[in-house]
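Heads up, the thing below is written out as structure tokens.
Along the sequence shown, residues are numbered consecutively beginning with 1. All values below come from the heavy atoms of this structure, side chains included, with hydrogens, waters and symmetry mates left out. Numbering of ligands and ligand atoms starts at 1, following listing order.
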Amino acid sequence: MKRIIVTGGAGFIGSHLCARLLADRNEILCVDNFFTGRRQNVAPLLGNTGFELMRHDVTFPLYVETDEIYNLACPASPVHYQFDPVQTTKTSVHGAINMLGLAKRTRAKILQASTSEVYGDPAVHPQVESYWGNVNPIGPRACYDEGKRCAETLFFDYFRQHRTRIRVARIFNTYGPRMLPNDGRVVSNFIVQALQGHDITVYGKGDQTRSFCYVDDLVEGLIRLMEAPDAVTGPVNLGNPVESTILELAEKVIALAKSKSKVVYKPLPQDDPTRRRPDISQARETLKWEPKTPLDDGLARTVHYFRTLLAA
Ligand code: NAD
Ligand code: UDP
């Protein structure tokens with residue numbers, strides 16, 4: 001039985017990761033300040049003796065014993081990470097320093113939830129890990145993008161300087177049950193709008209692309225990366241290489257939700273990346289991982305989740 005910390009464990013991806021690691025018979029310490037996470041996300045796990053929930057902000061040091069750390073703490077939706085951009089940068093940078101310090105002292109393995117946002121508005125398509133990215137360092141997305149880039153820097157400096165056992169996952173757009181209905185991200189927005197019969201808000205012309213990965217597939221990838229030999233530090237892209245335009249996504253959601261909603265066009269937010277698709281050759285080769293859930297299936301499950309949630 002391993003002692004595993006999941007920071008951001010009460011959030012969307014974190015709660016799925018906690019559930020899976022607990023089912024695999026590990027001891028989990030879920031650390032969260034509940035900024036975008038919710039107790040309900042992990043409520044079903046609370047009765048399990050292997051599960052502990054701690055309210056804690058990762059910008060402050062944490063002294064516990066552990067074998068592995070998954071560092072997921074950080075708001076991921078533009079609406080939430082731009083709400084208090086200074087805190088967002090602190091969460092990524094101070095959070096990484098504190099968790100790396102903990103990993104160094106305990107000799108634990110530590111995985112960083114990095115992001116495809118480190119590629120910014122990418123000039124290379126699809127995105128390969130060797131691409132250094134195209135990020136606006138002073139724009140409204142920078143608190144997230146540059147925070148995550150600095151966290152990657154810290155991970156690799158701890159690796160070189162202290163031989164810390166690091167893994168860096170660059171996660172591409174992930175969706176599924178337990179996203180917040182008011183989260184602001186595209187999948188939850190479109191599904192909630194479709195189910196409530198409201199207009200579907202497409203930003204810009206809707207010709208920008210994203211590649212959407214179902215959360216169970218992503219969690220499998222994170223665990224495989226953590227369990228890979230120490231030589232596999234990453235960064236490794238984890239995402240679904242099937243690319244869709246935002247307008248195609250809107251049409252799919254309307255059809256799956258059997259909705260009468262109409263598409264309306266809203267201004268494109270500043271620095272919104274025009275296209276995004278992961279090259280996952282590295283994950284395929286080193287982790288033997290690739291996503292299994294087709295977009296239609298994952299969206300249908302997510303529609304079902306939100307239908308039940310909204311009815312309640
Ligand atoms: P989320 O907002 O649902 O989860 C983030 C969690 O971190 C929340 O529970 C929040 O309360 C917690 N948190 C925020 N600041 C904290 C702090 N200072 N101290 C402690 N806890 C804090 O988002 P998510 O989609 O589950 O994302 C999880 C991680 O994966 C994030 O690091 C995000 O950057 C990364 N990621 C997600 C996606 C995606 O598409 N979902 C894509 C790329 C990267
Ligand atoms: N988007 C949209 N309507 C919405 C929310 C988002 O058209 O109601 C667009 C957004 O402009 C972006 C894409 O969908 O081009 C994905 O946005 P999200 O915030 O989910 O993720 P990110 O931009 O961080 O990849």
Counting heavy atoms under 4.0 Å, the part of K148 that contacts ligand 1 is side chain

Relative to the heavy atoms of G11, which atoms of ligand 1 are at a distance of less than 4.0 Å?
-> 3 (O), 4 (O), 8 (C), 9 (O)

Based purely on interatomic distance, does P75 place a nitrogen or oxygen under 3.5 Å from a nitrogen or oxygen of ligand 1?
-> no

Side-chain heavy-atom pair L102, N98 within 4.5 angstrom cut-off = no

Select one of side chain, backbone, both or neither to describe which atoms of N173 lie under 4.0 Å from any atom of ligand 2, heavy atoms only.
-> side chain

Does one hydrophobic cluster hold both I69 and L29, with members joined at side-chain heavy-atom distances below 4.5 Å?
-> yes

Ligand 2 N/O within reach of L268 N/O, cut-off under 3.5 Å | no

With heavy atoms under 4.0 Å as the rule, classify the contact between R185 and ligand 2 as side chain, backbone, both or neither.
-> both

What class does the angle between the rings of H80 and F35 fall in, given that below 30° is parallel, 30 to 60° is tilted and above 60° is perpendicular?
-> perpendicular

Would you check if F155 and E152 make a side-chain contact, meaning some heavy-atom pair closer than 4.5 Å?
-> no

Please write down residue, atom name and distance for the protein heavy atom closest to atom 11 (O) of ligand 1.
-> D32 OD1, 2.6 Å

Heavy-atom distances under 4.0 Å are what count here, so tell me which part of F34 touches ligand 1: side chain, backbone, both or neither.
-> backbone

For the hydrophobic clusters of this structure (ILVMFWY residues joined by side-chain heavy atoms under 4.5 Å, transitively), does one cluster hold both L256 and L247?
-> yes

Could an N or O of ligand 2 be found under 3.5 Å from any N or O of D272, whether backbone or side chain?
-> yes

Which residue owns the protein heavy atom closest to atom 5 (C) of ligand 2, what's the atom, and how far is it?
-> Y203 CE1, 3.3 Å

Ligand 1 versus R38, non-hydrogen atoms closer than 4.0 Å: side chain, backbone, both, neither?
-> neither

Any N or O on I171 sitting closer than 3.5 Å to an N or O of ligand 1?
-> no

Part of R275 with heavy atoms under 4.0 Å of ligand 2, whether side chain, backbone, both or neither = neither

For T36, is at least one N or O under 3.5 Å away from an N or O on ligand 1?
-> yes

So which bit of K90 gets within less than 4.0 Å of ligand 1, heavy atoms only: side chain, backbone, both or neither?
-> neither

Ranked by distance from atom 22 (C) of ligand 1, the top protein heavy atom is N33 OD1, 3.0 Å

Give the atoms of ligand 2, by number and element, whose distance to some non-hydrogen atom of P78 is under 4.0 Å.
-> 19 (O)

For atom 44 (C) of ligand 1, find the nearest protein heavy atom and state the residue, atom name and distance (0.1 Å precision).
-> S114 O, 3.4 Å

In this structure, atom 36 (N) of ligand 1 is nearest to the protein heavy atom Y144 OH, 3.8 Å

Residue, atom name and distance, where the atom is the protein heavy atom closest to atom 39 (C) of ligand 1 | R185 NH1, 3.4 Å

Counting each atom of ligand 2 from 1 as listed, which ones have a heavy atom of G184 under 4.0 Å away?
-> 5 (C)

Would you say the side chains of T245 and D207 form a donor-acceptor pair under 3.5 Å?
-> no

Nearest protein heavy atom with distance in Å, relative to atom 18 (P) of ligand 2 | V186 N, 3.9 Å

For Q87, take its heavy atoms, then give the atoms of ligand 1 lying under 4.0 Å from any of them.
-> 18 (N)

Heavy-atom check, side chain of R3 versus side chain of E68, under 4.5 Å | no

Does some side-chain heavy atom of L222 sit less than 4.5 Å from a side-chain heavy atom of L238?
-> yes

Aromatic rings H16 and F12: how do their planes relate, parallel, tilted or perpendicular, breaks at 30° and 60°?
-> perpendicular

Taking distance alone, with no angle check, do T174 and ligand 1 share an N/O pair under 3.5 Å?
-> yes

With the side chain counted from C-beta on, respond yes when I280 and E290 share a heavy-atom pair under 4.5 Å apart, and no when they do not.
-> yes

Between R276 and ligand 2, which residue portion shows a heavy-atom distance shorter than 4.0 Å: side chain, backbone, both, or neither?
-> side chain

Ligand 2 and E117, any nitrogen or oxygen pair closer than 3.5 angstrom?
-> yes

Contact partition for I246 relative to ligand 2, non-hydrogen atoms under 4.0 Å = side chain

Do any heavy atoms of T7 fall under 4.0 Å from ligand 1?
-> no

Looking at side-chain heavy atoms only, is the closest gap between I5 and V64 below 4.5 Å?
-> yes

G37 to ligand 1: N or O pair under 3.5 Å?
-> yes

Cation over ring face, R163 and F159, 6.0 Å, 45° = yes

In the protein, which heavy atom is nearest to atom 28 (C) of ligand 1, and how far is it?
-> L72 O, 3.7 Å

Can an N or O of T91 be found at a distance shorter than 3.5 Å from an N or O of ligand 1?
-> yes

So which of V186, D57, V118 gets nearest to atom 18 (N) of ligand 1, if we judge by its closest heavy atom?
-> D57

Salt-bridge test for D32 and R55: reply yes if a basic N is under 4.0 Å from a carboxylate O, no otherwise.
-> no

Closest approach of A194 and V253, non-hydrogen atoms and distance?
-> CB-CG1, 3.9 Å

Hey, is ligand 1 close enough to G9 that some N/O pair sits below 3.5 Å?
-> no

Within one Ile-Leu-Val-Met-Phe-Trp-Tyr cluster: V236 and V118, side-chain cutoff 4.5 Å = no

Within 4.0 Å of some non-hydrogen atom of A10, the atoms of ligand 1 are 9 (O)

Shortest non-hydrogen contact from D271 to R141?
-> O-CD, 3.4 Å

In plain terms, say whether R276 and E117 are close enough for a salt bridge, that is, a side-chain N and a carboxylate O under 4.0 Å apart.
-> yes

Atom indices of ligand 2 within 4.0 angstrom of T201 heavy atoms, with elements | 2 (C), 3 (N), 4 (C), 7 (O), 8 (O)

With R301 as the cation and Y214 as the aromatic partner, state whether NZ or CZ is under 6.0 Å from the six-membered ring centre and within 45° of the axis.
-> yes

If we only count heavy atoms from C-beta on, is the H125 to E243 side-chain gap below 4.5 Å?
-> yes

Given V6, which of V42, L111, L22, L21 fulfils the side chain to side chain contact (heavy atoms under 4.5 Å, CB included) condition?
-> L21

Enumerate the atoms of ligand 1 whose separation from the nearest heavy atom of N173 is less than 4.0 angstrom.
-> 40 (O)

Is there a heavy atom in R141 that sits closer than 4.0 Å to ligand 2?
-> yes

Distance to 0.1 Å, residue and atom name: give those for the protein heavy atom nearest to atom 26 (O) of ligand 1.
-> I13 N, 2.8 Å

Can you sort out which atoms of ligand 2 are near V202, meaning under 4.0 Å from one of its heavy atoms?
-> 7 (O)

Same hydrophobic cluster for V168 and L100, using side-chain heavy-atom links shorter than 4.5 Å among ILVMFWY?
-> yes

Considering only non-hydrogen protein atoms, determine which one is nearest to atom 6 (C) of ligand 1 and report residue, atom name and distance to 0.1 Å.
-> G8 CA, 3.6 Å

Distance filter under 4.0 Å to N189 heavy atoms, resulting ligand 2 atoms = 4 (C), 5 (C), 8 (O)

Non-hydrogen side-chain atoms of L195 and V303 separated by less than 4.5 Å | yes

Sub-4.0 Å atoms of ligand 1 with respect to non-hydrogen atoms of H56 | 19 (N), 20 (C)

